[in-house]
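Quick notes on the structure that follows.
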Amino acid sequence: MTARIEHLVTSGTFSLDGGTWDVDNNVWIVGDDSEAVVIDAAHDADAIAEALGGRTLRAIVCTHAHDDHIDAAPALAERTGAPILLHPDDLPLWKQTHPDRAPDGELADGQVLTVAGVELTVLHTPGHAPGAVCLYAPGLAALFSGDTLFAGGPGATGRSYSDFPTIVDSIRARLLTLPGDTVVHTGHGGTTTVGAEAPHIQEWIDRGF
């Protein structure tokens with residue numbers, strides 16, 4: 001069976017540094033008819049489980065540990081038995097949301113996750129958060145960028161645990177070197193491509209995006 005990418009939008013809130021905002025999050029499911037991984041279990045474990053149907057969930061991958069991307073992860077893990085995977089640099093953020101439930105495994109730069117015959121390579125891309133990662137699936141010409149790269153620029157860096165020069169370096173070195181036709185599946189909003197974003201990095205730097 002051929003692997004495919006499925007998309008679910010869930011709604012909830014994002015809270016950090018004493019503020020709370022309403023947000024819509026992209027949840028990405030990569031797999032085939034028998035198995036899958038979930039990238040960012042946001043807000044609604046029931047909706048994600050329904051989208052999975054009877055498939056075996058191999059892993060719940062967290063692109064970073066802001067609460068809007070991980071709030072449904074423990075419930076989905078309990079329901080499916082799938083492990084939650086997070087880069088260890090984001091444990092301080094994780095513990096703000098789930099102080100009594102640790103992730104089940106660590107993500108590391110260069111690590112390869114395989115599902116439905118597709119390889120997902122972990123790229124550590126700090127800046128939006130210390131342990132932010134993206135997942136590159138060359139077999140699907142796809143990058144799952146979390147909140148590191150969006151259509152029109154990098155993710156926000158105005159709050160705790162974030163840094164603008166770091167995210168620009170991550171994008172320049174780790175993402176814009178990928179093939180230009182790679183589709184960027186983001187944590188919020190619409191998709192873009194590496195080729196569409198690459199020409200604009202100096203503009204982002206000049207305006208301190």
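Note that the numbering runs from 1 along the sequence shown for the chain. The figures that follow rest on heavy atoms only: side chains count, while hydrogens, waters and symmetry mates do not.
For Glu78, the CD atom is loosely surrounded, since the number of other residues' heavy atoms within 6.0 Å does not exceed 12.
Taking all atoms of both residues into account, the shortest heavy-atom contact from Asp90 to Gly131 is OD1-N, 2.6 Å. Minimum interatomic distance between Pro126 and Ser170 (heavy atoms only, all atoms of both residues): O-OG, 2.6 Å.
A donor-acceptor pair shorter than 3.5 Å can be found between the side chains of His128 and His66. Under the 3.5 Å distance criterion, with hydrogens and angles disregarded, a donor-acceptor pair is assigned to the side chains of Ser11 and Asp24. In this structure, a donor-acceptor pair under 3.5 Å is absent between the side chains of Thr10 and Asn25.
In this structure, the side chain of Trp94 does not engage the main chain of His87 through any donor-acceptor pair within 3.5 Å.
Between His69 and His188, the ring planes lie perpendicular to each other; the angle is over 60°, past the 30° to 60° tilted range.
By the 4.0 Å N-to-carboxylate-O rule, Asp109 lies close enough to Arg174 to be salt-bridged with it. Ion pairing between a basic and an acidic side chain is recognised when a charged N comes within 4.0 Å of a carboxylate O; Lys95 and Asp100 show no such pairing. Between Glu35 and Arg55 there is no salt bridge, since none of the side-chain N atoms of the basic residue sits less than 4.0 Å from a carboxylate O of the acidic one.
Cation-pi geometry between Arg159 and Trp21 is met: the NZ or CZ atom falls under 6.0 Å from the ring centre, inside 45° of the normal.
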